[in-house]
Amino acid sequence: MTGRWALAPVEGGGADVVPLGPDDLPSGPVRREPDLAEAVRSRPGVTRWVWRSTAEVYPRLLAAGVRVERCHDVEDAETLLLGHEGRSGEPRNAAAALGRLRGGPVPPDPPTRNADPSAQDPLFEAADPVDVPLADLLAVYAEQRRRLAATAHPDRMALLLAAESAGTLVAAEMNRTGLPWRADVHREVLRGLLGERYPGAGEPRRLAELADEVSAAFGRRVRPDLPADVVKAFAQAGVRVRSTRRWELSKLDHPAVPPLLEYKRLYRIWVAHGWSWLQDWVREGRFRPEFLPAGTVTGRWVTHGGGALQIPKVIRRAVIADPGWRLVVADADQMEPRVLAAISRDPAFMKVAGRESDLYQAVSERAFAGDRDRAKIAVLGAIYGQTSGDGLKNLAALRRRFPLAVAHVDEAARAGEEGRLVRTWLGRTCPPVGGQEEAEEAGIPLAEDDDELGPGRSTATTRARGRFARNFVVQGSAADWTFLLLAALRRRLRGLAAELVFFQHDEVIVHCPAGEAEQVTAAIRESSAEAARLTFGDTPVRFPFTTAVVECYADAK
DNA sequence: TAAATTGGCGCC
DNA sequence: AAAGGGCGCCAATTTA
């Protein structure tokens, strides 16, 4: 009952299961079990379940109260392996992987569905056309193990696959648990910001007032939610403005600007996190977005539904722990620069990142005469690829003191511009620019005709590809690390009532009884150290977290 | 008329 | 001071 087992659901609610030996082949007979959840529950000693897709299997287990320690998500692994092999455009579903292995048909991936809160009914979902029976799944898995051994750093790639699979478990568990959400508090916040709500059509009162103020300032009726109308109104008032972006408007000296900016801020809350959002996404005291691991090229997760990764600060007032419980909100401090230190192995930068105190302050003392703001601009500029303004001057100062760190991202940018593969620390791979469709699907900026630039000069799109790759190695390696962190934290929370309820790039929220808050805080600290050791090996770089134990999310910062 | 694109802004 | 990287979502507008 120990070791790895593979599992494939079958018609009628059952499953086929089989134990796997050290050679990745079955070490016993396939058993047909009548009940999927029972098949897993009755084998508590299994250390890793191999299955096609966590999203397919695990929600059913969780619904039956069954959790697993570890898994290998074959389709998730397929995505990462294809990427590593420079074949990211090929379908990643299990049936396609089988087709490539056997020379059979290679079905395309099913379209990614959009979550629609009014029409979610998983009971009536059609059978998945890309599903494969257990015997075929085993063949695909064994082949994946061979391909894994052939990667540039098999030990790192194995970690990446394990970490991503752990992420799929965490995501499924969070999807089920949901984020504690007080609808009554949310409504209070809305009333305070937006005023009375007019049932039926029309803006809430505060927005209507601000629209009137804008119109009064222009001397004619202007709809502030229509950029074209606003640009025209400014033109008629003798002010030329290229767009209605906030940073551009805020430079202007015109009486319409203050109410306009306030309107935009509140309008955004109204349409994105207002009463209809509450209606759509909050049920029984929980906000349940759908976390999708590996939703992006860089590895960052995305969510479907409710804009869960963009909850405005003011709305976080509604995230309140259950009575007697607390939220442990943990935020990694300057995660991406610390990751850059770890992957570049720049001695001076590692020294700076080896302290838990403010990294930007430490950088500023070495390169910017103590000016923290400039240090931060320079570091972020290096990571994001700043191309103009003071950023370049600051970047030069950064390069003098931390040459290897800057060279690391410069090299990634060059590789991206030249269409070479770019990898994160653990081996997640940024697709090269191949076919047009492929690149567009992956969101990679494409080269285009640009006759005005002579030979030897990059086009704007080439430079955009460079920035993409530059950021990829840092953001992606940071994602690598956070999944190891999540896996470690999940393991450490086992046995507690505490539950992971939220994850956002460099921030986690754990919901726990007040009495467990101290243990949870310690678990986060220990998980950070463990994840750093596993991911980057022997590195002096530290990854401190700011943790807050609060009843309300809004009080965490 | 439905699908795709655009402008804008929230979060990291 | 200037407008770099990654997303999702909404309404309006354009395209097919």
Side-chain angles (χ1 to χ4, degrees), chain A residues 112 114-117 203 223-231 242-251 260-261 263-274 276-277 280-281 289-292 294-316 331-336 339-340 371 373-374 376-395 409 412-413 416 422 430 440 442-445 460 463-479 482 502-508 553 557:
Chain A
T112 52
N114 270 319
D116 179 351
E203 301 170 315
R223 285 192 51 190
D225 55 324
L226 300 184
D229 200 19
V230 172
V231 170
R242 289 173 55 248
S243 74
T244 65
R245 287 190 171 82
R246 190 174 52 198
W247 60 266
E248 195 158 348
L249 292 187
S250 53
K251 290 186 301 199
L260 196 48
L261 293 180
Y263 181 96
K264 289 159 84 75
R265 182 177 83 89
L266 295 177
Y267 176 81
R268 163 82 193 167
I269 289 164
W270 178 49
V271 298
H273 287 91
S276 57
W277 181 92
D280 287 342
W281 295 107
E290 185 185 8
F291 286 93
L292 297 176
T296 70
V297 174
T298 59
R300 276 190 172 187
W301 292 10
V302 298
T303 59
H304 270 170
L309 302 185
Q310 299 97 235
I311 304 169
K313 296 243 161 81
V314 285
I315 300 299
R316 296 177 180 187
D331 202 306
D333 302 332
Q334 307 105 29
M335 175 177 69
E336 292 187 344
V339 165
L340 176 56
D371 186 336
D373 287 347
R374 278 180 62 212
K376 184 171 177 178
I377 290 162
V379 170
L380 294 179
I383 293 173
Y384 290 156
Q386 182 153 29
T387 53
S388 61
D390 285 353
L392 284 184
K393 205 170 61 204
N394 292 328
L395 193 59
V409 283
V422 178
C430 180
E440 267 169 350
I444 313 289
R463 289 192 298 274
R465 288 210 307 270
R467 286 194 300 274
F468 188 99
R470 172 189 296 270
N471 183 250
F472 175 86
V473 292
V474 179
Q475 192 186 110
S477 297
T482 58
F502 192 68
F503 167 61
Q504 183 181 26
H505 312 316
D506 64 350
E507 178 180 3
V508 294
Y553 187 17
K557 285 175 188 173

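The sequence lines fix the lettering, A, B, ..., with proteins before strands; numbering per chain opens at 1. Predicted, not measured: the structure shown is a model, and the values here were computed from it.
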Reckon [X] touches a base, only the sugar-phosphate, or nothing at all at heavy-atom distances under 4.0 Å?
| X | answer |
| --- | --- |
| Gln475(A) | base |
| Gly306(A) | sugar-phosphate |
| Arg470(A) | nothing |

- Item | Side-chain donor/acceptor contact of Arg246(A) with base of dC9(B) under 3.5 Å | no
- Message: Counting distance alone, no hydrogens or angles: does the base of dC12(B) have a donor or acceptor under 3.5 Å from a partner atom on the side chain of Arg300(A)?
- Response: yes
Can you tell me if the side-chain N/O atoms of [X] get under 4.0 Å from OP1 or OP2 in [N]?
| X | N | value |
| --- | --- | --- |
| Thr244(A) | dG8(B) | yes |
| Lys313(A) | dC12(B) | yes |
| Arg467(A) | dG4(C) | no |
| Lys264(A) | dC9(B) | yes |

- Message: Could you check whether any side-chain heavy atom of Phe291(A) comes within less than 4.5 Å of a side-chain heavy atom of Phe502(A), counting everything from C-beta outward?
- Response: yes
Shortest non-hydrogen contact from [X] to [Y]?
| X | Y | value |
| --- | --- | --- |
| Glu336(A) | Arg300(A) | OE2-NH2, 3.5 Å |
| Val422(A) | Phe472(A) | O-CE2, 3.5 Å |
| Arg470(A) | Ile383(A) | CG-O, 3.6 Å |

